[in-house]
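Data block below; observations after.
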Amino acid sequence: MDAPVELREIDRRIWERELDDFVPKKVFDAHSHIYRWEFNLDPKKNEGGLARLVVPWYEQASFALLEQTDAVLMPGREVHRLSFPFPFAPLCDFDASNSYLAEQIACDSSSAGLMLVHPGMTAEDINRQLDRFHFLGFKPYRFYSANADAVHCSITDFMPEHQIEIAHDRGLIIMMHLSKPDGVADPDNLKDLQHLCRRYPNVRWILAHCARSYSTWAIERAAPVLRELPNLWYDTSSVCETDAIATLLKSVPSGRVMYGSDDLPVGVLRGKYISFGFGWAYLGPENHRLNLDHCNAEMTFTRYEQLRAMKRAADLLQMGESEIRDLFYNTAHELVTGSGC
Ligand SMILES: [Zn+2]
């Protein structure tokens, strides 16, 4: 099957005029999803909003489809990946998700996988799968929280300490999409990160989506705490605002921020994340009633909006070529090659 993603005139214009000279030739995508729609066990899945994004083109998000997508969106780039399953909620086939990931990721020795975990999994379950599949860490998700509150849960509600202890013992990565309305600025999240980083110093945490800071304020508030913690990394996946990315880059120690696409399917969607007040939301062609008669109202890929924001952040901070190569490749490559045992 050909890659379903196709470039339109607007995309070509943005890629050629703004992005082609910014994205380095070698890319390590630190945040990508490999899955099959059939692993979503929710009997009502085809009535939900996710089905509109996934069916039919992204029902089978294989490593090959990620390759095809990157070849269209970022032509001529060599791309390796840190990938994990899509965390279908509320019901997901964890075993099938993880074994499919392992099978897919095996085709590229420079790429690696993170195991989708549920807080109910025992240490024995997890160790067995780690031994079998050689995953480099875990992808927990707030919708699996033991207290059934995906909005207000604490880190250990969906990433319990018996699992963090395994990550510590084995030197693994934890891909953390923080919960709570204030995200990384929430004092309890910060307290938990301080406590967990000190107690389990061998864990390498990646705080996804600029520590879930789609605009500036949360990362600004959290920065004094975050910059003191040695085992934190960050990915820029799906963050589309320049000032959020620039603030992250200047607030945390250098060499800790990594490009991530959030594909599939977020990066290929047309639209972008926008922020306002203390909130943020996804704006796409079909979910608004704005009058856009005065301008070209077409939307490009979320990934292109994110790359535009990354480019402008890099310009603002006067980043050199080697720092940009770190952002797109070296930091993630070193994290992946230095993790696990
Ligand atoms: Zn994601």
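In each ligand, atom 1 is the first atom listed, and ligand 1 is the first ligand listed. The residues of the chain are indexed from 1 along the displayed sequence. Since the structure is predicted, the reported quantities are computational estimates derived from the model, not experimental observations.
- Distances from the Zn ion (ligand 1) to each N, O or S atom of D262 single out OD1 as the nearest.
- Inclusion of H33 in the first shell of the Zn ion (ligand 1) is supported: an N, O or S atom falls under 2.8 Å.
- The side chain to side chain donor-acceptor pair (under 3.5 Å) with R81 is formed by just one residue from the set D70, D29, D108, D263; it is D70.
- Residue contacts to the Zn ion (ligand 1): H31 brings an N, O or S atom closer than 2.8 Å.
- Using modelled atom types, one finds no donor on one side chain facing an acceptor on the other under 3.5 Å when comparing Y282 with S238.
- Surrounding CZ of R198 are at most 12 heavy atoms belonging to other residues, nucleotides or ligands under 6.0 Å away.
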Intermediate values then yes/no, ring-ring contact (aromatic ring centres under 6.0 Å, His included), H31 and F84: CA-CA 8 Å; H31 187 132; F84 31 95; 4.9 Å; yes

